[in-house]
Amino acid sequence: MTSLETNLCGVRLKNPLIAASGTFGFGREYDELYDISCWGAISVKGLTNLPRSGNPPHRIAETASGMLNSVGLENPGIDAFIRDELPRLASRGVTVIANVAGSDLDDYREAVRKLSDTETAIIELNISCPNVKEGGAQFGASPRSVGEATSAARRHSSKPLMVKLSPNTADIAVAARAAEDAGADAISLINTITGMAIDVRTRRPVLANVTGGLSGPAIKPVALRMVWQAASAVSIPVVGMGGIADAEDVARFMLAGARAVMIGTANITDPMAGPRILAELEGFARTNGIADINELVGALETS
Amino acid sequence: MKGDFVARVISNARAAELVSDISLELPPEASGIDPRPGQFAHLSVGGLFLRRPISIAGFDGESLRVRMIVRNAGRGSGAIASLEPGESVRMLLPLGSPFPVEDLAERRGKSGGAKKIHLVAGGIGAAPLLFAADFIRALNEVRGGIFSVESFAGFRDEASSFGADEFGRAGACRLVIGGLVTDALEESLGRGAPDAVLACGPEPMLEALQGICSANGIAAYASLEARMGCGVGACLVCSRRARAGGGAGYRRVCRDGPSFDLSEVIFK
Ligand SMILES: Cc1cc2nc3c(=O)[nH]c(=O)nc-3n(C[C@H](O)[C@H](O)[C@H](O)COP(=O)(O)OP(=O)(O)OC[C@H]3O[C@@H](n4cnc5c(N)ncnc54)[C@H](O)[C@@H]3O)c2cc1C
Ligand SMILES: Cc1cc2nc3c(=O)[nH]c(=O)nc-3n(C[C@H](O)[C@H](O)[C@H](O)COP(=O)(O)O)c2cc1C
Ligand code: FES
């Protein structure tokens, strides 16, 4: 028997697979297809203090081995989440990660304060949404503002705080250390990489927002490199993501130093990705004689 | 119930220029599904990253056969349109909101007798409406002629037209080649307005239809398109503007639609 159990800043996860924010809504839709409590945890759609309607369509473009999105943080707001979604998720036995974004430091303080007395297990501070001015990407771009946003949230939160880093930054190791130094309990990466698509016939961008965030297997090599660099730079747990599509990808990110992984775009292309990758991971561990999945974490040999 | 199944192509016949009429058989695990006209399937096509949404154009619960009518409009739809018998394709179905045919069956018709439903199809938009026509015909058989159906099917030219015979089996069918199908509908209103209109077609057609139906106080429901990701309502990439609950907001075409009350839809 393999143990898939892991621990993320004091929170027990039954396995290292987490549904990535923005690709899983609040779990309602996938719960009609399978028991969503099979996930180690679910990171919900990015939340803001006030409801947001998001960007105009088109919001999606297909790319080589990936996709661009420009949703722009459409969400019902934190209060509605706490009232309408969280109790259901908690009663379903789901470990809930609340992904929050803000436009200024007060926004982040307010958001984490609201979530403090709830059944949320972990707060994921999104300082890396590339699609809206208020999406926090301005905090993710420079190490100083990563630190500012992290410490502002840290002081007002009783929950473990995970800071989601942007790949759209000069040196990911410096950003990771800035989050750690400011009191982050964990970091997650990578968010989408800013990109764009052009329709040659109309001579217009495909996305109404002009630019969007690239995700899926197309970004996996970049994500692996950044997870490896970040994990080498900090001692807090790292959650890795970017293009994970099967159990071997999970193992790759864990070898690079990830304690747990998030699966995003794979849910969009394969609605059964969660239970499929979980079953594959059990098989992978069995065939490779892995007794405890945590053996893989950071076990990459580079010499 | 919905699920992700591997279906096997039984047949693929040419319906019109660039249009294929495909019959696919679902595996026994799919026996619980009960698709309704207006709902769609999300198909995974070899080599392409995202799935492609295609309307369910017919369904037979006994043989578990689903029908799709697909126009080659690009790489994905082209690959689907050229599937050969024996090939397999993965699809998530049934998805989205159906046309409210069963709700309409419960309402009283304006004239007291059979409820008059007009089907208004533009181009490949005929696909879900052929399912509606067949569904209503079957409902009529079971419940004794509760609906009377009239169809208006518009196509760009003769070569791209299909389905007129089948629409004809459900009731009168007005085939419009080249002109505006909405003109034909408007003319017919002199003979008495329908209780409801079900429509699918290009946006300009639907926008014109919205004007006609609101001016004449006719309930109308239309199936809309949007570029999709997940197809189930989780990723929010398919949103389009609509009037809902007093305000105007984004609604998910894959989940809140694709069939909407046409009066709620906001056209640019
Ligand atoms: C609910 C619904 C039902 C549909 N039913 C049918 C049907 O029964 N028969 C049929 O032939 N077509 C149908 N379509 C349209 C069909 O999905 C598109 O023609 C197809 O996605 C185009 O893909 P492509 O790779 O051929 O084109 P490309 O232009 O190469 O596609 C690029 C991207 O844009 C998306 N896209 C392009 N055009 C459309 C469009 N019109 N609607 C949605 N996404 C689009 C594609 O899915 C893909 O992600 C339906 C669309 C929706 C939303
Ligand atoms: C449609 C879509 C919406 C997303 N929304 C959010 C969001 O609200 N908050 C967030 O932190 N990340 C969001 N992301 C980023 C993902 O959580 C993830 O970081 C990224 O997509 C890379 O992982 P993947 O390749 O497995 O999808 C979104 C991604 C997609 C594709
Ligand atoms: S396609 Fe994902 S929400 Fe509609």
Output all donor-acceptor pairs under 3.5 Å across chain B and chain A; consider backbone as well as side chains.
from, atom 1, to, atom 2, distance (Å)
B:Lys2, NZ, A:Glu32, OE1, 2.7
B:Phe49, N, A:Glu62, OE2, 3.1
B:Leu50, N, A:Glu62, OE2, 2.7
B:Arg51, NE, A:Thr269, O, 2.9
B:Arg51, NH2, A:Thr269, O, 3.4
B:Arg52, NH1, A:Glu62, OE2, 3.1
B:Arg52, NH2, A:Glu62, OE1, 2.8
B:Ala234, O, A:Gly25, N, 3.3
B:Leu236, O, A:Arg59, NH1, 2.7
B:Ser239, OG, A:Arg59, NH1, 3.2
B:Ser239, OG, A:Glu74, OE1, 3.1
B:Arg252, NH1, A:Glu29, OE2, 3.1
B:Arg255, NH1, A:Glu32, OE1, 3.3
B:Arg255, NH2, A:Glu32, OE2, 2.7

A:Gly216 to B:Phe49 - nearest heavy-atom pair and separation: CA-CZ, 4.3 Å
Heavy-atom contact with chain B under 4.5 Å, split by part of A:Met67: both
Contacting region of A:Leu33 [heavy-atom separation from chain B under 4.5 Å]: side chain
Side chain / backbone / both / neither for B:Met1 at chain A, heavy atoms under 4.5 Å: neither
B:Leu92 portion near chain A, given a 4.5 angstrom heavy-atom threshold: side chain
Min side-chain heavy-atom separation A:Phe24-B:Cys230 under 4.5 Å: no
Candidate pair A:Ile60 and B:Met228, rule side-chain contact (heavy atoms from CB on, under 4.5 Å), full reasoning: CA-CA 7 Å; A:Ile60 186 170; B:Met228 290 184 183; over 6 Å; no
Proximal component of A:Val44, with respect to chain B [non-hydrogen, under 4.5 Å]: neither
Max heavy-atom pair count under 4.5 Å with chain A, selected residue of B:Gly3, B:Gly233, B:Ala226, B:Gly231: B:Gly233
